[in-house]
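Each chain gets a letter, A, B and so on, in the order the sequences are listed, and its residues count up from 1.
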Protein chains: 2
Amino acid sequence: MPHTYEYPRAALTVDCVVFGFDEGELKVLFIERGLAPFKGQWAIPGGFVRVDETLDEAARRELEEETGLGSVFLDQLYTFGDVKRDPRERVVSVAYYALVKLADARTRAATDAADAQWFPVSKPPKLAFDHATIFDTALARLRAKLRYQPIGFELLPQKFTLSQLQHLYEAVLGVELDKRNFRKKVLGFDLLVPLKETQMTGAHRPAQLFRFDPVKYERLTKRGFHFEI
Amino acid sequence: MPHTYEYPRAALTVDCVVFGFDEGELKVLFIERGLAPFKGQWAIPGGFVRVDETLDEAARRELEEETGLGSVFLDQLYTFGDVKRDPRERVVSVAYYALVKLADARTRAATDAADAQWFPVSKPPKLAFDHATIFDTALARLRAKLRYQPIGFELLPQKFTLSQLQHLYEAVLGVELDKRNFRKKVLGFDLLVPLKETQMTGAHRPAQLFRFDPVKYERLTKRGFHFEI
DNA sequence: AAGTGTTCGTGTAAATGAAACACGAAACAC
DNA sequence: GTGTTTCGTGTTTCATTTACACGAACACTT
């Protein structure tokens, strides 16, 4: 069923830069293109926006279709509209970034799509289209937001220890943090609730588990509160 | 000349929230719609993206066409893609915000388009489409960015005094700032160069004029420097 | 020429927040 | 029960931020 318009129209896509935290380092998910152009090269998962879905819905749908990942943190990043970014025709892409609780999801959707693969953000493959630019933008945004918004938890299991959280920050931001000061600061925000469980891994004292409380966060943001690590 | 595609496509527009600083308060420019839908209501200036221009180019072109404003600071804001945001058909809008040196431009393009008008941001008119949401988003973004990026100058004349800058910050952020601390901090960034001129207005000691040095700013950002008011 | 009104430009002390730092507690392995 | 490993906690020092007042420069009035 063809569709006709008076003036030419750009195609509209969403692309989604998916981040996960695994083995102590930040990873990003790319998929291998099966079709030309850039056949065989790696790319950011994404696809066309349908006329009856919002941009957010399109991003979630594509993510689910291409990677099997559902219910992740999703945030709009930037819209890329260079005229020649796709060699075939004019394509404008609304880019998102997603944060995945990899440790929770791994069992199910380890790498659902056979052609999807996790890469350390420090060693991305050569990417198709302008996807290297999109990836760079997403990584910069993630690092910036991690400092002043409590989104680190989105990369950890629902129950996590303060050490895990600290290691996440250290790995993503590339800095060393003082243990006592870090705990003082994070707990001072009153966003984490201690659980009645502890985590035992290895031959040492068990660690207190926490979870993030989004309700408390909502309340605080309305009172103009400022998170910063 | 009709254009036909296999699947239906959304129309793509850019909208541009234009801010200016005048009479000690932050203003925003809206234009009155001459056509249905929302005929007679106020709206954010904008229009369709052509297939042979980037999004930034489209935003600048529309701004020039509808308001006569050229060479302004322009930054992408967010992309709005709700399915029903335009009652006629699916329209996705890439929103920008612009900062205008009103005092410089006033003589020429006071309000070039007869149907354009400046409103205090505290008293916007009823707006067409979802433009109230876009405006709110833009204002929030401007206030946030003003704190941690040196963009305040974009709303002032090229040559300005520190008092003018302070009043701008106070008006936009809605806070009172200490004069001595403000000057200490701003000059400490080493982004402003004192000119060999002073500004004489009224019967009192003349004020030193400064200009913003974008080159210095570039150099500093590459060294991971952090601006904050 | 002297006096008045107004904004400009400047330094220091107090208070607050950030950074540095070390050791006992709890679990498991042997 | 001894050894090994990570967990959990306070205080002091240093740096940054806040609070605050008065002489200087000019125009205008008398």
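- With sequence neighbours left out, the ring-ring contact (aromatic ring centres under 6.0 Å, His included) criterion links Phe38(B) to Phe129(B).
- Summarising the geometry, the separation between CD on Gln199(A) and C1' on dC28(C) is reported as 15 Å, rounded to the nearest angstrom.
- Between Glu197(A) atom CD and dA26(C) atom C1' the separation is 18 Å, expressed in whole Å.
- Once rounded to the nearest 0.5 Å, the distance linking CZ of Phe19(A) with CZ of Phe73(A) reads 11.5 Å.
- Near DNA chain D, defined here as any heavy-atom distance below 4.0 Å, the residues from residues 154-184 of chain B are Asp178(B), Arg180(B), Asn181(B), Lys184(B), listed numerically.
- At least one side-chain heavy atom of Tyr96(A) sits under 4.5 Å from a side-chain heavy atom of Leu74(A).
- dC8(C) atom P lies 11 Å from atom CG of Leu209(B), rounded to whole Å.
- Under a 3.5 Å cut-off, the side chain of Asp178(A) and the backbone N or O of Asn181(A) do form a donor-acceptor pair.
- A side-chain donor-acceptor contact under 3.5 Å links Ser93(A) and Asp15(A).
- To the nearest 0.5 angstrom, Phe210(B) atom CZ is 4.0 Å from Leu162(B) atom CG.
- For the residue pair Ile31(A) and Pro45(A), the shortest heavy atom distance occurs at CD1-CA, 3.8 Å.
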Solution key, residues 143-157 of chain B side-chain donor-acceptor pairs under 3.5 Å, sequence neighbours excluded:
unit_1    : atom_1 : unit_2    : atom_2 : d
Arg143(B) : NE     : Val172(B) : O      : 2.9
Lys145(B) : NZ     : Asp75(B)  : OD2    : 3.1

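- Proximity of a side-chain donor or acceptor of Thr221(A) to a complementary backbone N or O of Glu218(A) within less than 3.5 Å is detected.
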Summarise how protein sits on nucleotides 24-30 of chain D as a single string, 5' to 3': B when a protein heavy atom is under 4.0 Å from the base, S for sugar-phosphate-only contact, - for no contact.
-> BBBB---

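- Put simply, CD1 on Ile229(B) is 13 Å from C1' on dT17(D), counting in whole angstrom units.
- The separation between Glu228(A) atom CD and dG17(C) atom C1' is 12 Å, rounded to whole Å.
- Axis angle, first five pairs versus last five pairs of the helix from dA1(C)-dT30(D) to dC30(C)-dG1(D): 0°, rounded to 10°.
- In terms of the side-chain hydrogen bond (donor to acceptor under 3.5 Å, both in side chains) criterion, residue partners of Gln166(A) (sequence neighbours excluded) are, by chain and number, Glu170(A).
- Counting heavy atoms of neighbouring residues, nucleotides and ligands inside a 6.0 Å radius, atom CD of Glu176(B) does not exceed 12 of them.
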